[in-house]
Amino acid sequence: MLWIKNGIVIDPKNGIEGEKMDIFVKEGKIVEESEVKKEECKVIDASNKLVVAGGVEMHSHIAGSKINTGRSMRPEEMRVVRNVAGKFRAVVGRVLLTAPGIGYEYAKMGYTTAVEAASPPIGSPHTHEELDAIPILDKAALPVFGNWHFVFKFVSEKDQEKLQAFIAWAIERTKGYGVKIVNPGGVEKWMYGSNVRTLDDEVPIYGVTPREIITEVVKANEALNLPHCVHIHCNNLGVPGNYETTIETMKLVSGMKNENRPVLHVTHVQFNAYAGSSWRDVSSGAEEIAKYVNKADNITIDMGQPIFGHATAMTGDAPFQFTLHKLIGARWSNKDTEIEGGAGIVPIVYLPKNPVHALQWAIGLELGLLIDSDKVVISTDWPNGGPFTEYPYIMAMLMSKRMREKELERVSPYVQKASSLPAIDTEKTLYEVIKMSRSLPAKILGMENKGHLGVGADADIAIYNINPNEVDPSAEYDLVNKAFRKPAYTIKDGEIVVKDGELVAETWGRTFWVDATKKVSMEAIEADLDEYFQNYYTVERINFGVDERWVKKPARLEVS
Amino acid sequence: MPIEVEIITGRTIDQGKTVEEKLTEEYFKAVSYCELNEEDFRSLGLKEGDRVKIKTEFGEVVVFAKVGSVPKGVVFIPIGPYANQITSDDTDGTGMPLFKGVKGVVERTEENVKSIKEILGVE
Amino acid sequence: MENVVCTFCGSVCDDGVFEDGDVRKLCALGKSKFSKKERIKAPMIDGKEVSYEEAIEKAAEILVEAKRPLLYGWASTVNEAIRLGVLIAEKVGGIYDQCASVCHAPGTLALIEEGVPGGTLGSVKNRADVVIFWGANPVEAHPRHPTRYSVMAKGLLIKDRKNRKVVVIDVRETKTAKLADIFVQIKPGYDYAIISALRAIVKGEKIEADEVGGVPVEKLYELAELMMNAKYGVIFYGLGVTQSRGRDRNVENAIKLVQQLNRKTRWVIWPMRGHYNVVGAGEVPAWEVGYQFAIDFSRGYPRFSPAEFTAVEALVRRDCDAALIIASDPAAHFPRKAVEHLKKIPVIQIDPHPNLTTLLSNVVIPSAIAGLEAEGSVYRMDGIVLRVKKLVETEYWSDVQILEKMYEEVVKKVG
Ligand code: SF4
Ligand SMILES: [Zn+2]
């Protein structure tokens, strides 16, 4: 039992905006004061400290074949020693990290939940093995659907019943959490050496288009009423002019509504927010996108903020990765995966003086600033945009125009004419950045017990050495930046795991997965599953997927 | 007359089938021979069942000789303890010994093929 | 029991049928895996039978007392066991290395240089209209690979063997060569030169020679033409490429060729990994400690250096003073000089079957056979994960049980 005393609480979901209050914890949950025996509580003195829910990472590449190939491919990334073996595991990694390192570093920043954002379905046992190697955090994984031949088939047949049954089947089999789509149709075209360019390009054999795939899959996701909305990496990622495709994609769901969450989450939008016609005249499309998102009532995004320095591009968008390889001449890994899609990996580095990189950096911030804080989530799309350990930098930048002005001095002047960042006066408040890193991602993911401090919530709590009622983030951005890097406490399920920025305990979190199989009739797709497995897969249908008992601490969420 | 050859090692189905039964006669048979090109085989004056001695800068070994589908000047030995007597232990910084392409000489011999335990020096 | 997963080669066929101690559908190698064989009878210390607990305790003692023990093997066990092996190596400050260092690790070095443009076996089955085996002989090493995945496999776009051209490039006319439409015989050690020639032709340059590495130039032009005209091609490379002159550079060059080909059409390249879980033996340490093989923990954190921390190097330089050998037989497969050192240091062996390493081992711990007597997850050659099953009961402890206990003992001793 914990008694967190006199903290200054910011808890956007419950409308608490810097109130001095006590928080009580029992059996891993936040409870009413009356529930605990005060004399038995461990007391944490949080006077003058900020108390918030543990951070929720909704888009990061924390587990599976991509991140692991990235490690193998980049030993130069692994040479930075972060922890010597002893009480805790040895940890190495610069931007890429070992699995134990992922758990430790998120916790050391006050984050307690993280979602793997793109798991190849047939690779899901691998994803889960790595998730199981990540200490402390609660976890989940999103299987990728947008280029899966079953989806093409059911979309081309306009058979919603089958599509829904298939999605429920696939999420259950992969022990996944929701539906991810990556460059729908485009990755299949890569198998023939090309890509889609518009929402109306057709996929070979099936004749379906990105427009149809997205629309039908979102419909199915809504009919199933899955906790998380469809999570999309748009077509044309990394292509100048692509902001139009992004907006067009958003328009596909106009008119659709869900009471609890958006119906579409568009991810790492920075990479999909370019205006212009080539890298020579590229400019920001962030304002247009922000305008659309702010107006819409059913769309959220995350930033995909680049951080200057090293990064590794790794996405399920295999054709994009090849283009990137050609563009920068860097190493390139590719993986075409059965009839499910593909992926690629290319090492990159973001340089402040490089006009394009500086512009990307500016666009990420524009999105974070121009979009309402209940619609944009903080992310670097780790490791695509760089380290997640720089979230404190992003938060500080969003809250301080002065800090941005200082940073602008060191980046390419190209951003002055190609983006609106220098002219943006907005300064998000602490309340807003807490929302953007806690309650909002939890809401989008449909994780009711995450991202807030109300009674019944999981006791995942971060306490930082700043008093929100005294600090001026606009001026004291250094202080804020430092404080978020070094929580006074990180508490996971009621246990103190980090104290004064140092790891003090290693615990093991749960893996959430969603079971919607009761909502559909599996009969509908039996024959199709058998046919495709027999003809196009190289594993037996029965050997595909993950059984719950193989997962260390599974937590099943039944959808009814 | 000894002839100069290049030695390559590799898997065979018999070696594979017996790889978990290394202390058996079958495994011994599967790994204690080499294959030579027919011309080389004849020029060494060999007949089926004869033995050859193969020498490289890393060691020497006596094995049974057979005709196989290898080019002239190449000797094939299944991976195993016999091959290891003559393969290179220089990994050139990679950790991988040069299992294929070590140069050596082959000659007919009257010496016996050692048992696996003799090769290993545990008997 | 149906859909049984074979734990022999990297093809990891998952369609075996197991009945009354017999297995159907698998190839001769797979069948041999499931057939009755001599087993190590009981745990032993210096030839004397002891209990599992005693043997494991002794093993832990050896590992903890050693300055730098080598923990080697891992390619023929399940990921859960491998993970424990990595944790033990980290705890005792030893070296973790695995069978790849004498098979396909040069491919990993090439991955570091260039990345690997690859695909799963299902991509090949469904799409590949040109399949090249380079220095690989699946008919003998991965017998069902040709039927299930590559040569005769049918799929989405390839409906018939006739839709596919199969090329074998090798120094000898292997059994696989007999399945091929085109066999290209090359001189040993000329892989690099031939790949360079192909790269030049694909780039549009002229080759100023009559032959390269024993191959007439016209034949190389034909081959390059075939490659450029493929819709989706694959190069499967084997030990013929990684173990011969050039090693990792051969693979790197082949990868560059594939990069170039992707500017014209689609190509992938993939190693023909040997043991059924040699991929797992690299993947697991990669996520746990950042590297796939040749990992030293003597400083308390992982360091990667193939020139120092591979098993052969550590043994040849006498840089390790004890060894734990699991699911592998270095005494049979390492160069003589490496085996010499192995004979001099305390050796712990964990294996279901007696082998040459048994003859050198001080502590011998018999284990259950994964895929027959124990379950766990393994990675097919293309990284696809399969769960191997427990089909029969056994008195033997599984690798996981043994290593869990050993980890416990080690933790007790080092804290
Ligand atoms: S090809 Fe390999 S995995 Fe398949 S049955 Fe034969 S030995 Fe087993
Ligand atoms: Zn991503």
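These figures come from a predicted structure and were not determined experimentally. Here is the naming used below: chain letters follow the sequence lines, and residue numbers restart at 1 for every chain.
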Within 45° of the ring axis of B/F58 and under 6.0 Å from its six-membered ring centre, is that where the NZ or CZ of C/R336 lies? no
Side chain, backbone, both or neither: which part of C/A28 has a non-hydrogen atom closer than 4.5 Å to chain B? both
So, B/K22 and C/D329, do they make that salt bridge, N to O below 4.0 Å? yes
Report the option among B/T12, B/T24, B/I79 that has the most heavy-atom pairs separated by less than 4.5 Å from atoms of chain C. B/T12
Exercise: identify the closest heavy-atom pair between B/G95 and C/V102: O-CG1, 4.4 Å
Measuring heavy-atom distances to chain B, does C/S305 have an atom under 4.5 Å in its side chain, in its backbone, in both, or in neither? neither
Relative to chain B, which segment of C/T310 carries a heavy atom at a distance below 4.5 Å: side chain, backbone, both, or neither? side chain
Please look at C/E340 and chain B and tell me whether the side chain, the backbone, both or neither of the residue comes under 4.5 angstrom of a heavy atom of that chain. neither
What residue, out of B/T91, B/V70, B/I116, B/D92, has the most heavy-atom pairs lying under 4.5 Å from chain C? B/T91
If one checks every heavy atom of B/Q85 against chain C at 4.5 Å, the contacting part turns out to be both
Atom of C/P188, atom of B/E6 and distance for their closest heavy-atom approach: CB-OE2, 3.2 Å
What's the separation between atom CZ in B/F76 and atom OG1 in C/T174, rounded to the nearest 0.5 Å? 10.0 Å
Please give me the minimum heavy-atom distance between B/D90 and C/R247, naming the atom from each residue. O-NH1, 3.5 Å
Inter-residue atom distance C/E140.CD - B/R11.CZ, 0.5 Å rounding: 11.5 Å
B/S69 to C/R172 - nearest heavy-atom pair and separation: O-CB, 3.2 Å
Inter-residue atom distance C/Q243.CD - B/T87.OG1, 0.5 Å rounding: 9.5 Å
For B/G93 and C/E313, work out which heavy atoms get closest and say how close. N-OE2, 4.3 Å
